[in-house]
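In listed order, ligands and their atoms are each counted from 1. As the structure is a computational prediction, the values presented were derived from the model and not from experiment. Because only heavy atoms are used, hydrogens play no part in the values below, and waters and symmetry mates are left out as well, while side chains stay in. By convention here, the first residue in the shown sequence is residue 1.
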Amino acid sequence: MAQLSDDCFAFGGTLLSVDAALALVAERVTPVVGEETIALVEAAGRILANDLVAGMDVPPHANSAVDGYAIRHTDLLPDRDTVLPVAGRAAAGHPLGRKVEPGEAIRIFTGAPMPEGTDTVMMQEDCILADGKVTMKPGLRKGANRRHAGEDIEKGTTALTAGRRLRPADLGLAAALGHDRLTVFAPLRVALLSTGDEVREPGSPLPPGAIYDANRVMLASLLRGLGCRVSDLGIRPDREAALADTLTAAAKEHDLIVTSGGVSTGEEDHVRAAIERLGRLDFWRLAIKPGRPVALGHIKGVPLIGLPGNPVAAALTFAILGRPLILRLAGAREEMPATFRVRADFAYKKRAGRREYVRASLSRDGDAVVAHKYPKDGAGILSSIVRTDGFVIIDEAADGLQPGASVDFLPYAEIIG
Ligand code: AMP
Ligand code: MG
């Protein structure tokens with residue numbers, strides 16, 4: 001298990017492009033968790049720690065893809081029907097057990113091993129059986145309806161790569177290779193807290209001037225979705241000493257601390273002061289809109305991500321920077337989230353130099369998918385995310401777009417679904 005260096009988040013510049021930020025994460029952040037071997041049935045969503053190299057072929061033997069008759073292709077007459085005696089039977093789990101002689105057809109069922117000597121299977125729908133003989137049409141290609149040994153996974157090849165977040169089909173593949181256990185990274189233990197004297201627990205009375213904590217439940221759910229084990233440290237008041245105690249305690253039993261609020265540059269930003277007293281803090285100002293700086297730091301060797309308090313800013317910065325960083329700490333080698341092209345139905349003006357994430361919903365218009373911009377786009381308007389499907393991304397270089405433009409769309413399902 002590795003430990004990050006205290007200055008791994010050091011960043012001297014003023015504004016950081018998304019690509020540069022992701023490159024820094026890839027370069028400087030390594031997994032901070034150990035490995036464990038667990039039962040295959042428990043492994044969905046976990047992160048594979050080592051490449052899984054196939055110790056066998058899948059399928060292990062050549063077999064029939066259909067119900068029919070296995071033959072030697074050379075026995076088929078090229079220009080008229082062929083009649084062959086049915087000389088045996090092979091079913092799934094019940095191989096024929098002998099070599100097939102020229103001129104024999106073998107009754108065969110899906111999944112049955114190809115009898116030695118045969119190379120082709122004629123589907124039963126294309127045959128006529130009478131008096132123990134099968135009549136077959138001409139024209140079947142050699143090798144038809146036969147599955148090769150190893151055609152799914154060949155022995156010695158890498159079936160699953162280290163760092164992969166295991167999906168149900170991955171578990172199926174590991175099972176097909178005979179594994180009942182997998183070595184995965186231990187879950188990232190994350191301490192999560194909200195800060196702010198005005199922030200209150202939902203379900204409790206709301207005094208004048210207070211608001212309910214929208215961020216914590218959202219972030220807890222996002223973190224769990226990434227496979228983290230989340231400790232809920234609740235809401236902490238804006239008092240440096242109390243925050244310092246909480247952070248010190250949290251650092252003892254966690255691999256990561258995630259906070260929201262209290263880390264901009266105002267004089268009420270006590271999280272920032274507390275962290276700077278205990279460890280090191282750097283601010284990454286991403287060249288994105290909407291955006292706020294993300295605080296990245298260390299408390300006694302444990303990394304900390306300080307997200308902005310505004311819920312939309314918290315969600316977006318989590319999606320763009322927090323998520324890849326957390327996945328990397330957890331051992332994942334995640335591909336970039338998939339975007340696709342859609343048609344914008346709105347005009348948009350922006351300043352060049354920043355990447356803008358426009359909340360939009362999708363609809364169909366014939367063959368086209370059309371993105372509609374949500375009318376309200378304030379950084380505190382969480383309903384704008386609830387009521388839309390994802391972000392239209394307008395790149396740094398662009399200064400806006402016209403209705404009808406083809407644009408990149410990043411679905412929430414890829415990042416904060
Ligand atoms: P801050 O980052 O602490 O300056 O907060 C920025 C804005 O986000 C303020 O309007 C806060 O009241 C609001 N805010 C902070 N934390 C939360 C939270 N957990 N849930 C909802 N709003 C929050
Ligand atoms: Mg605050």
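Here the protein heavy atom with the shortest distance to atom 22 (N) of ligand 1 is Ile211 CD1, 3.3 Å. Atom 19 (N) of ligand 1 has its closest protein heavy atom at Asp213 OD1, 2.7 Å. Nearest protein heavy-atom contact of atom 4 (O) of ligand 1 is Ser264 OG, 3.7 Å.
Heavy atoms of Ile235 found under 4.0 angstrom from ligand 1: none, in either backbone or side chain.
Ligand 1 has an N or O atom lying under 3.5 Å from an N or O atom of Gly309, backbone or side chain. Of the polar atoms of Arg216, none of the N or O atoms is found under 3.5 Å from an N or O of ligand 1, judged by distance alone.
Looking at Asp395 and Arg355, a side-chain N of the basic residue comes within less than 4.0 Å of a carboxylate O on the acidic one, giving a salt bridge. The residues Asp377 and Arg359 are annotated as not salt-bridged, no charged nitrogen and carboxylate oxygen being separated by less than 4.0 angstrom.
Within the 4.5 Å cutoff, the side chain of Ile305 has no heavy atoms near those of the Thr259 side chain. Taking 4.5 Å as the limit, every side-chain heavy atom of Leu316 sits out of range of all side-chain heavy atoms of Arg292.
Close approach of ligand 1 to Gly262 (heavy-atom distance below 4.0 Å) involves ligand atoms 1 (P), 2 (O), 3 (O). Numbered from 1 in the order shown, with element, the atoms of ligand 1 that lie under 4.0 Å from a heavy atom of Tyr212 read 20 (N), 21 (C). Of all atoms in ligand 1, numbered sequentially from 1 with element shown, those under 4.0 Å from a heavy atom of Glu198 are 11 (C), 12 (O).
For atom 7 (C) of ligand 1, the candidate residues are Val263, Asn215, Asn310; the nearest heavy-atom contact is made by Asn310. Selection from Gly380, Ala214, Ala314, Pro311 by nearest heavy atom to atom 20 (N) of ligand 1 gives Ala214.
Two rings, from His298 and Phe9, have their centers less than 6.0 Å apart.
Using a distance-only test at 3.5 Å, with no hydrogens or angles considered, a donor-acceptor pair links the side chain of Arg72 to the main chain of Val100. For the pair Asn215 (side chain) and Ser260 (backbone), a donor-acceptor distance under 3.5 Å is absent.
Evaluation of the side chain to side chain donor-acceptor pair (under 3.5 Å) rule for Asp7 yields Ser5 as partners, not counting sequence neighbours.
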